[in-house]
Amino acid sequence: MAELSKTYDPPGVEQRWYRYWLQERYFHADENAPGPRFSIVIPPPNITGSLTMGHVLNNTLQDILVRYHRMRGEVTLWMPGTDHAGIATQNVVERSLAAEGISRHQLGREQFLRRVWAWRERYGRTILEQLQRLGCSCDWERERFTMDDGLSRAVREVFVRLYEKGLVYRGHRIIHWCPRCLTALSDEEAIVTEGGEAGSLWHIRYPGEDGGPGVVVATTRPETMLGDTGVAVHPADDRYRGLVGKRVILPLVDRRIPVVADTVVDPEFGTGAVKVPPARDANDFEIAQRHGLPPLCVIDPEGRINENGGAYAGLDRVEARRRIVADLEQRGLLVRTELYRVPVRRCQRCDTVIEPYLSDQWFVRMAPLARPGIEAVRSGKLRLIPERWTGVYLNWLENIRDWCISRQLWWGHRIPVWYCGDCGAQTVARTDPDRCAHCGSARIAQDPDVLDTWFSSWLWPFSTMGWPDQTPTLRRFYPTDVLITGADIIFFWVARMVMAGYEFLGECPFRTVYFNAIVRDLQGRKMSKSLGNSPDPLEVIDAYGADALRFTVVALAPPGEDLRFAPEKTELGRNFANKIWNAARFALRLGADSPGLPEDSELSLPDRWILSRLQRVIGETRAALENFRFQEAAMGLYRFLWHEFCDWYVEFSKLALYGEDRKAAQAARATLLFALDRLMRLLHPFMPFLTEEIWQALPIAKPARSVMIAPYPEPESEWNDPEAEAIVGRWVELVRAVRNLRSELGIPPAAQIRVRIAPARDAGGVELVEPYLRALARVSAVERLPDGRQPVGEPFGTVEGVGEVYMPLQGVADVAEVRARIERDLKKVAAQLRATEAKLGRQDFLEKAPPDVVEKERLRAAQLGGRRDALTRHLQSLSGGA
RNA sequence: AGGCACGUAGCCCAGUGGGAGAGCGCUUCCUUGACGCGGAAGAGGACGGCGGUUCGAUCCCGCCCGUGCCUACCA
C-alpha cells in the first residue's frame, strides 16, 4: 500500500496475502497447542466439477466462523476435502467418454477407473484453487478425499462392524432401480416429482374364472399387469365380498390369479380393486408376502419386458404400455381411461423414471441407529438452526427405513464381501481374504458392487481425523463444534453423520448444525452444476474481488431463507470494499508516525462519540456471530463503517485535522487509526484480504504479525460515552435539518447562509455546534435565540431533542414554494397530533398501557402541538409578509 | 393429502406489541483537498385478504388466497 490508488485493486492483494498466510502456516491447527479449540469439517464438495455460488456462500460462512474463532485465540481446525461422489462422478465421466464415442463397458472396469482418477486429479485441483481464491483458511495440510486409503479403511471397518452386529444384511427386496444408470438407489435418491406427472388411470376388467364379470382394477402402469399374481380388495368392501378367495383371469396372458382381501386397499380410490404385481411395486410386494402371492419379474435391468412377458418380451416399458393398452381396448377389456396426475420418481442423477425392481441388495438396518439421533435433538445436545428443521429431521428419523447401500457401479468403495464358489457362504473381512472363512476354499470372488457414496460421507467428521485409530487429532478435535451445510442434504448426510457419530464414537459429531440459504438465480431456480445456471465464482472474483463476493453473499443471505444472486449484485461488496479502502487512504495520508490515543480530556466530542459507538458495534457484531446471524453482523458493520464512520466521523474529524490545534489534530488522527484498527479486525472474517492489506499499513502498535491472528475486538467500557453520543447525535440531526432546509428552499450549494437556533431545554451541547455547521452545511453564522423567542417569517426545521433551526429567506427562495412546504408539513403534523391526542383521550389506554408508554405519548403530543403552532404562525406571517 | 416457510417501497429483502427500514433503481443537485465503485437532499408503502386476542397489531392466534420447499404405500 505504498502508493495509494484511488480504487481498491484486489487481484495482487489477494494473491500476496494468501501466499503469506500459507507460508506462515496460520491455517494449520496444531493438536498439541494448548487452550480452547474450535473445529469444523467442510462439507466435502463433489469432484464432479467446479464449484457453484452455493459453495461460495457455504464456504464463506464457514470461513467467517473459523477466522472469528481463530482470532479469539482458539486452536482452530477447518478440515478440508472432497467427496468421490460415486454415481454422480461416474455419470459425468461416462458423459465425457461418450463425447469421444466410448462407453465404459468398452474400456473395462480397470481402465474406466483410471479415467475417473484422472478426472478427480483435475477437478480436485480446480475445487482447491477456487476455495483458496475465495480466501478459505482451511488446514490444507490435512486435505482429505473420501477414497483415500485411511478413509477407505474406515468405510470397511464400519461395514464389518455393522455386519457383525447384524445391522448390515443382504436382502431380496423391491428397490428403486434406474434403468439408465443400471443401479439400485436409496429412497432419498429417487426424487418424487412435485404434484405428480401427467398420466392416465386405466380401468381394466379382469374377467372371473367362472365366466362372471370378475373385477375392474385401476392402474397407472398397465404394463405391470404382466407381473400380476393377484388382485386385492378391502375386506369390508361389500362390492367384492363374494369375490375374495375366488380367482380372476389376467387378460392378455390368461393367468388365473386369486382375489385377496387386504386392509391397505383404499375402497374410495379408483374401483377399489388393486392389481398386485409383487415384483413391480413395493406395496404390492408386501401385500403379496402377506397372502403368499409369488413374485414374477417381468422387466430386465434396462427397463425392457423380459421373457416372462410372453408376446411383449423385448419391448421397452413405454412401448409395452402402449401396446398393452391397445390390445386391451381391442378386446373390450379397457373399461375407462381418465387423465390423472401420477406420482413418479426420477433418478436424482439422470432424471430417468425409476422402476421399482426386485433384486438382491445390501441394506443397513437403521432403526437402532436412529434412536440416539432422535434423542440428541430432543435433549438439546444437538441444535439445528433454523429451528424449523428439527421437525423435518425428527420426522425422518422416527419413520426411518432401511438404507439400500449397494450400487451396481464401478466408482466407489467395493463391498468387502466375498462369495464362496464352493459352499456359497459369505466372507466379510477387514482385509482382503484369500480363502472362504467357512470352508477354506480359495474359490472366492468379491462382490462386484460398490457402496453408496454417502456410506463414506457419513463417517466424514471422524474418518478425516484418522479413525479407527485413536489419533491425537481425533482426541483433540472430535467432536466438532459446528456443521454448516445446505438443508437439501439433511437426510443424505446430516442425520446419517449423527447416527454414525453415536454408533462408532459414542458422541454426536457436532453440537450445532447451521443450514445456510439456498442460492438461486433471478428466476428462482437453485444454482446447480446440472442446471448450469451458476456463474463461475472465479469469474465473479476476477471481476469484483474475493472480499466483495464474500461480503455480498453474506449480506444478501437472510438466515435460513433463499437468496437470489446475479453477478452484478456483487457491486454491493465491491463498492463497500472501495469505501473502506478510501477511508483508510484518508487516514494513512495524514502521516506515518504512530500516535496513541491521548487522555480523554484531549479528545473532541466527535472523537468520543465514534469511540463510544464503536464499542456498541463491537458488542453487536460479536453477539451476531455467536448466534450465527451472519447477515446481521455484516450489515451492522456496513452501516456503521459507511454511514457513521465515513459519513459523519471522517467529516467531523477534518475540522480538527485541518485546524490550528495540533493536539486536537493528533487526537483525531489517533482516533481514526484506533477505529480503523478495530474495524479491520471486526471485518476480517468477512473480508480477509482487504482488511489484511489495510491493517498491515496502519501506523499503529500491532499485537500480531497478521490481522488474522490479532485478537478479535472486545467492547472496552472505558470508551462508553453516552453524553458524547447524545450531543453528537444532536449535531447530526441539526446538520441534516439545515441541509434539508437549504435543499427545499433552493439555496445554491455554494451559498453561505446564516441560521438561528432556538434550542430545546434539554439540548445540551448545541452551543458547540457552530464550527461543525460551518464545515458541513456551509453556514456562515449561527445565532442562538434567547429562550422563548420565536422569529416570525423565517422558514425553520424542527429537530427532535434539539429545538428549532431558522433560516432567513434572504431573497433567494420562492415564497410560494416555502408556503407549500409548510402547508404539507402542517398537514402531516396535524394528523399525527390528532392520532396521539385521540389515544391520550381514551380511558382504557391511560389505565392499561404501561406508564412509560403513556408518558412517551404525552411528550410526543406536546412536541407535535408546539410544532403545529409554530408552523401555523409561520404560515400566517408569510401570508401577511408576502 | 399432510407439514414447514414466505407474502413489507418499482426490484431484491431486513425488522419490531406502541412514531414503517437498508441496498439497488428513480428524481434534483454537487468535479469542496479519502472515495463519482462518491457526496447531499428527495419521491415512493392500506407491512397479501378476512376475523380474533389486546388499551393498542405490520408484529401474537385462526381461517382464506398466492408462492416456494419438504414429507407420504393411495394403485
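A note on names: the letters A, B, ... follow the listed sequences, proteins ahead of strands, and every chain is numbered from 1.
- In this structure, CZ of A:Arg842 is placed 15 Å from P of B:U54, rounded to the nearest angstrom.
- Counting any heavy atom pair closer than 4.0 Å across all strands shown, A:Glu857 reaches sugar-phosphate atoms only and no base atom.
- Note on A:Arg401: only backbone sugar-phosphate atoms sit closer than 4.0 angstrom, heavy atoms only; bases stay farther off.
- The distance between atom CG of A:Leu833 and atom P of B:G19, rounded to the nearest whole Å, is 15 Å.
- In this structure, A:Trp642 has its ring center under 6.0 Å from that of A:Tyr638.
- Rounded to an integer number of Å, the gap from CG of A:Asp647 to C1' of B:A34 is 12 Å.
- An OP1 or OP2 oxygen of B:A34 is reached within less than 4.0 angstrom by no side-chain nitrogen or oxygen of A:Tyr649.
- Within the 4.5 Å cutoff, side-chain heavy atoms of A:Pro222 are placed close to those of A:Ile204.
- The nearest whole Å value for the distance from the CD1 atom in A:Ile191 to the P atom in B:C70 is 8 Å.
- In this structure a side-chain-to-backbone donor-acceptor pair under 3.5 Å is present from A:Thr271 to A:Val216.
- You'll find the side chain of A:Met687 reaches within 4.5 Å of the side chain of A:Phe576, heavy atoms only.
- Dashed line: the shortest gap from a side-chain N or O of A:Lys526 to OP1 or OP2 of B:G68 is not under 4.0 Å.
- Inter-residue side-chain proximity for A:Val231 and A:Val217 is flagged as met; some heavy-atom pair is nearer than 4.5 Å.
- Side-chain contact check for A:Glu355 versus A:Arg317: some heavy-atom pair is nearer than 4.5 Å.
- For A:Arg858, no side-chain nitrogen or oxygen approaches OP1 or OP2 of B:G19 to under 4.0 Å.
- At the heavy-atom level, A:Val265 lies under 4.0 Å from base atoms of the strands shown.
- With A:Glu197 as reference, A:Arg346 is the one residue of A:Arg341, A:Arg346, A:Arg345 to meet the salt bridge (Lys or Arg N to Asp or Glu O under 4.0 Å) rule.
- Rounded to whole angstrom, the span from the CZ atom of A:Arg585 across to the C1' atom of B:G33 amounts to 11 Å.
- A:Thr220 comes within contact range of the sugar-phosphate backbone alone, with a heavy-atom separation under 4.0 Å but no base atom that close.
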Q) Could you write nucleotides 3-17 of chain B as a row of B, S and -, 5' to 3', where a protein heavy atom under 4.0 Å of any base atom gives B, of only sugar-phosphate atoms gives S, and otherwise -? A) -SS------SSSS--
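- The shortest heavy-atom contact between A:Asn399 and A:Asn395 is ND2-O, 2.8 Å.
- Atom NZ of A:Lys579 is separated from atom C1' of B:G39 by 7 Å (rounded to the nearest Å).
- Atom CD in A:Glu387 sits roughly 21 Å away from atom P in B:C70 (whole-Å rounding).
- We find that CG of A:Asp266 is positioned 12 Å from C1' of B:A1, with the value rounded to whole Å.
- By the 4.5 Å heavy-atom criterion applied to side chains, A:Glu338 and A:Trp202 are not counted as neighbours.
- Taking side-chain N and O atoms only, A:Tyr8 has no distance below 4.0 Å to OP1 or OP2 of B:C35.
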Please write out the pairs of protein N or O atoms and N or O atoms of nucleotides 23-32 of chain B separated by less than 3.5 Å, giving the distance to one decimal.
| unit_1 | atom_1 | unit_2 | atom_2 | d |
| --- | --- | --- | --- | --- |
| B:G23 | OP1 | A:His643 | NE2 | 3.3 |

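- A pairwise comparison of heavy atoms in A:Met225 and A:Leu328 identifies SD-CD1, 4.0 Å as the closest pair.
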